[in-house]
Participant: 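Here it is, the structure in full.
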There are 2 protein chains.
Amino acid sequence: MASRIERLCVERGLKMTGQRRVIAKVLSEAEDHPDVEELYRRAASLDSRISVATVYRTVRLLEEKGILERRDFGGGRARYEATEHGHHYHLIDIESGRVIEFEDAEHEQLMRQIATRLGFDLVSHRMELFGRRRTGAEPGADRPNGDGDIVAEQDGGRARDRNGVTR
Amino acid sequence: MASRIERLCVERGLKMTGQRRVIAKVLSEAEDHPDVEELYRRAASLDSRISVATVYRTVRLLEEKGILERRDFGGGRARYEATEHGHHYHLIDIESGRVIEFEDAEHEQLMRQIATRLGFDLVSHRMELFGRRRTGAEPGADRPNGDGDIVAEQDGGRARDRNGVTR
DNA sequence: TTAGTTGCAAACCCTTTGCGAGGTC
DNA sequence: GACCTCGCAAAGGGTTTGCAACTAA
């Protein structure tokens, strides 16, 4: 059974090698935002005949094909997630590195208006929040969570310095 | 007459060397978002006894002191601007690399609410728009510009590939 | 005088690439 | 068989750092 991403690769006419199949599987199963090193680690544990170079090449290729999206959460390394689950944004816990996804329907619309007002067509945008967990408040604990905002929560990446924070 | 940034350095107790004075001057006079290479070029033209390493060290120091803010507009190099003119955001012209600043008072408030809802205190956030100049519409041409949105427009940096755009 | 700063070059880190070998369609 | 892809190791590009000389306070 081909993984979801493997099917997308085939659809887009990519030659499916053993390595790509493994990387596609890893990506299909990832529920977080792994960087290349992490993808390599996961892929290599399934098939040790894979090199980092191939992971870099594959990830770049899939991004060009629109199958993957590259993210920059600071820290100097790119992180990836599959293009699929509708638009969402990220809140990064600056202490643990954990990434929380959330939706905000108003935003895209709002940004488009701003660009238009400035005389531009909006091609893309990015927005990340960096925060610290409120003391005495587990996420979704004080507020029953059921309002559909939290799409997912994961990623135990270690927090890093100099992460490009806006302030 | 010490430059604005030089005064801030002194206030913060930094030892003022000749190199720092020059870099402070360059930063004080910059009206764009130069990267280190550009800062070095400008500084070296005022005093050739400056090395890139010093620019890197100074810029990092000033950022830690809250005098400078580091920005990431994609392209892999950090860009800097003085902490001062109130909060604003950036729209990057993906064709020319030009950066347009704009304000959006609602945003910070909105983002803070989102973070709060997720159980976090908002420490910082970033948002960048990437757009293409609408054909037949010079910025502020079709719309008389007088609504106070455009704070500044400058930066002739060349556009770059793989610039970390969200989509 | 003393602790902090500089230039230089080497080191780092992430990512890309040239090349010959190997695989896919 | 033609063309693509792989692993390896080297190269790149931005940024940091060790060290000895130097300098602001």
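Just so you know, these numbers come straight off a predicted model, no measurement behind them. Numbered from 1 within each chain, the chains take letters A, B, ... in sequence-line order.
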Participant: Could you check B:H90 against B:H33 for ring pair (Phe, Tyr, Trp, His ring centres under 6.0 Å), going step by step and ending with a plain yes or no?
Facilitator: CA-CA 11 Å; B:H90 300 93; B:H33 310 77; 4.7 Å; yes
Participant: In residues 5-21 of chain A, which residues come under 4.0 Å of DNA chain D by heavy atom?
Facilitator: A:K15, A:T17, A:Q19, A:R20
Participant: Within this structure, what is the CZ-to-P distance between B:R77 and D:dT15, rounded to whole angstrom?
Facilitator: 7 Å
Participant: Given the structure, check if the side chain of B:R57 and the base of C:dG7 hold any donor-acceptor pair shorter than 3.5 Å.
Facilitator: yes
Participant: Would you mind reading off the distance between A:L62 atom CG and D:dT5 atom P, rounded to a whole angstrom?
Facilitator: 11 Å
Participant: Rounded to whole angstroms, how far apart are OH on A:Y40 and P on C:dT15?
Facilitator: 15 Å
Participant: Are any of B:Y56's side-chain N or O atoms less than 4.0 Å away from OP1 or OP2 of D:dT15?
Facilitator: yes
Participant: Thinking salt bridges, do A:R117 and B:D104 make one under a 4.0 Å N-O criterion?
Facilitator: no
Participant: Rounded off to whole Å, could you give me the CG-to-P distance for the B:D35 and D:dG13 pair?
Facilitator: 14 Å
Participant: As a test of reading the structure: which of C:dT16, D:dC8, C:dG7 is closest to the side chain of A:S51, going by heavy atoms?
Facilitator: D:dC8
Participant: Is it true that B:K25 and B:D47 make a salt bridge, defined as a side-chain N closer than 4.0 Å to a carboxylate O?
Facilitator: no
Participant: What is the separation between atom CZ on B:F73 and atom C1' on D:dG14, rounded to the nearest whole Å?
Facilitator: 17 Å
